[in-house]
Amino acid sequence: MTTDLRARALAALADQTIELPSWAFGNSGTRFKVFGQPGVARDPFEKIEDAAQVHRYTGAAPRVSLHVPWDLVDDFAKLAAHAADLGVSIGAINSNLFQDDDYRLGSLTHPDEAVRDKAIAHHAQCVDVMRATGSTDLKLWLPDGTNYAGQDDLRGRQERLADSLQQVYALLDPGHRLLLEYKFYEPYFYAMDIPDWGTSLLHCMALGEQATVVLDTGHHAPGTNIEFIVMQLLRVGRLGAFDFNSRYYGDDDLIVGSADPFQLFRIMNEIVAADALLGAGVNFMLDQCHNIEPKIPGQIRSVMNVQEATAKALLVDREALAAAQRSGDVLAAHGALTDAFSTDVRPLLAELRESKGLDADPYAAYARSGHQERIARERVGGTQAGWGA
Ligand code: LRH
Ligand code: MN
């Protein structure tokens, strides 16, 4: 690792930011059980206080994405001011089309225009929240789909979807973006209406420049080469954001990099290769659920995992890689990546944090702070936040 490469890596890492999901600080689980934990946030204000703890120790998580209606408050300007007082800001606003009985057979794709209008109106509410909080990203995951072949006309649903998305897109202000998220299965099991990056991209290109694709790392069929999709979306300038997490089988929403750190490295390698880490309009967000582990430490570990994968990707010797690729030296080319991946970047990240006046190890520093014990003691009474509105 040349000193120059190291210096350039440090400079890029210093400006890297990762956006945290408010819902990671609430209780979550599976259809089998949602576990409570001591000290869990009870409202959006406490969720933002928890996110601010992650930023305080990592220095790399200055934004919190909200989910509507899970994070509904009477005064969103007050919530944004609360965030600012804590040194963070409001990021993407997530709509929710997956918890309403009216959407059983679809929302933006529903055969009944009245139901589609209701789903479109929900996005008008989300855009109002964006205006009140200074957020510029409207994130739309479409949960719509069918469970049985023939249940509905697949093409008819796409036509209705295209029309509904046009109406949502028309709600945006000039500086706003629509982030369109795809998912290959769940909550429907025969066909999702936006099952893959291609379908999301087609709709985004039909809508306009303000529409880009969200790539959730848990939303692909097993064995999918996700970094290829990253490369292709960057190539056409339509990668708007990541929802980072990791999985073994389904949409497990586990800590990013915990299941397959080499995959996360390969993804960040495509980002660095395309010079898209900073200033390319890619919002690096987490979308995770800490079903059994404490939330704040879980988010701190997640931010550290993304930083480590990014640092390794920044240490790839790109001249040597390009030369090996040009000369067809397969093993040397692969080696350029695996050498970087095998590099222990923790000392580099420790140096970065100390240069920012932070503790070298955010996870250990938070554990020493006693904050987790304090919120467990103080947050008694009330209802712990979760996936319920
Ligand atoms: C859907 C999803 C989406 C969010 C939800 C919390 O699986 O990834 O991004 O709305 O999780
Ligand atoms: Mn997601």
Side-chain angles (χ1 to χ4, degrees), residues 18-31 34 41 44 47 51 63-72 90-100 103 106-108 119 122-123 125-126 129-130 135 137-145 168 177-189 192-197 199-200 212-221 224 226 229-230 233 239-257 259 264 267 282-291 295 298-299 302 306 385-389:
I18 296 141
E19 183 166 313
L20 308 181
S22 66
W23 54 98
F25 300 104
N27 289 324
S28 56
T30 70
R31 59 185 169 168
V34 171
K47 292 178 189 176
R63 294 182 313 282
V64 189
S65 32
L66 301 181
H67 220 295
V68 175
W70 296 342
D71 296 317
L72 270 182
I90 304 299
I93 302 301
N94 288 258
S95 64
N96 183 328
L97 298 170
F98 51 93
Q99 293 184 310
D100 188 311
Y103 300 151
S107 63
L108 299 177
H122 169 56
H123 290 87
Q125 179 195 22
C126 292
V129 173
M130 290 166 71
S135 164
D137 282 353
L138 173 61
K139 177 158 165 265
L140 195 172
W141 165 56
L142 189 79
D144 293 22
V168 170
R177 299 194 306 169
L178 175 64
L179 305 178
L180 194 58
E181 185 176 359
Y182 61 89
K183 183 174 181 177
F184 84 113
Y185 94 108
E186 190 194 52
Y188 298 90
F189 303 102
M192 294 290 286
D193 292 296
I194 304 186
D196 54 33
W197 66 278
T199 304
S200 175
T212 55
V213 179
V214 178
L215 188 155
D216 185 312
T217 46
H219 287 190
H220 304 83
T224 299
I226 294 177
I229 300 171
V230 171
L233 290 172
L239 179 62
F242 282 99
D243 265 3
F244 276 142
N245 49 62
S246 69
R247 40 76 69 95
Y248 289 100
Y249 304 103
D251 187 16
D252 307 344
D253 284 339
L254 298 171
I255 288 177
V256 59
L264 180 60
I267 289 170
V282 180
N283 189 353
F284 297 90
M285 306 186 290
L286 301 179
D287 178 4
Q288 294 175 183
C289 296
H290 302 291
N291 298 348
K295 323 288 181 179
Q299 288 284 289
S302 304
V306 176
W387 282 40

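No experiment lies behind these values; they were computed from the predicted model shown. Start at 1 and go down the list; that is how both ligands and their atoms are numbered.
- Of all N, O or S atoms in Asp216, the one lying closest to the Mn ion (ligand 2) is OD2.
- Put simply, the side chain of His219 never gets that close to the backbone of Leu215: no donor and acceptor are under 3.5 Å apart.
- In Trp387, the part holding a heavy atom less than 4.0 Å from any atom of ligand 1 is the side chain.
- Ring centers of Phe25 and His290: at least 6.0 Å apart, outside the cut-off.
- In plain terms, the two heavy atoms of Trp387 and Ser28 that are nearest each other are NE1-CB, 3.7 Å.
- In terms of protein heavy atoms, atom 6 (C) of ligand 1 is closest to Trp23 NE1, 3.6 Å.
- Of all non-hydrogen atoms in Ile226 and Ile267, the two that sit nearest each other are CG2-CD1, 3.7 Å.
- The distance from ligand 1 to the heavy atoms of Lys183 drops below 4.0 Å at these ligand atoms: 7 (O).
- At least one heavy atom of His67 sits closer than 4.0 Å to an atom of ligand 1.
- The ligand atoms of ligand 1 that sit less than 4.0 angstrom from a heavy atom of Asp216 are 8 (O).
- Here the Mn ion (ligand 2) is the vertex; the OD2 atom in Asp243 and the OD2 atom in Asp287 give an angle of 90° (to 10°).
- Taking only nitrogen or oxygen atoms, main chain and side chain alike, Trp70 does not reach within less than 3.5 Å of ligand 1.
- Closest protein heavy atom to atom 9 (O) of ligand 1: Glu181 OE1, 2.6 Å.
- A donor-acceptor pair is defined here as one N or O able to donate and one able to accept, closer than 3.5 Å; no such pair exists between the side chain of Gln299 and the backbone of Ala51.
- When distances to the Mn ion (ligand 2) are checked against a cut-off of 2.8 Å, Glu181 contributes an N, O or S atom below that limit.
- Between Trp141 and ligand 1, no N or O atom pair is found at a separation short of 3.5 Å.
- Of all the heavy atoms of Asp243, the ones lying under 4.0 Å from any atom of ligand 1 belong exclusively to the side chain.
- The ligand atoms of ligand 1 that sit less than 4.0 angstrom from a heavy atom of Asp251 are 7 (O).
- Residue, atom and distance of the protein heavy atom nearest to atom 5 (C) of ligand 1 are Asp287 OD2, 4.0 Å.
- Pairing each heavy atom of His123 with each of Leu97, the nearest pair is CE1-CD1, 3.8 Å.
- Counting only N and O atoms by type, the side chains of Arg177 and Asn283 include no donor and acceptor under 3.5 Å apart.
- In this structure, Asp193 contributes its side chain and Gly145 its backbone to a donor-acceptor pair below 3.5 Å.
- Within the 3.5 Å criterion, the main-chain N or O of Leu66 finds a donor-acceptor partner in the side chain of Asn94.
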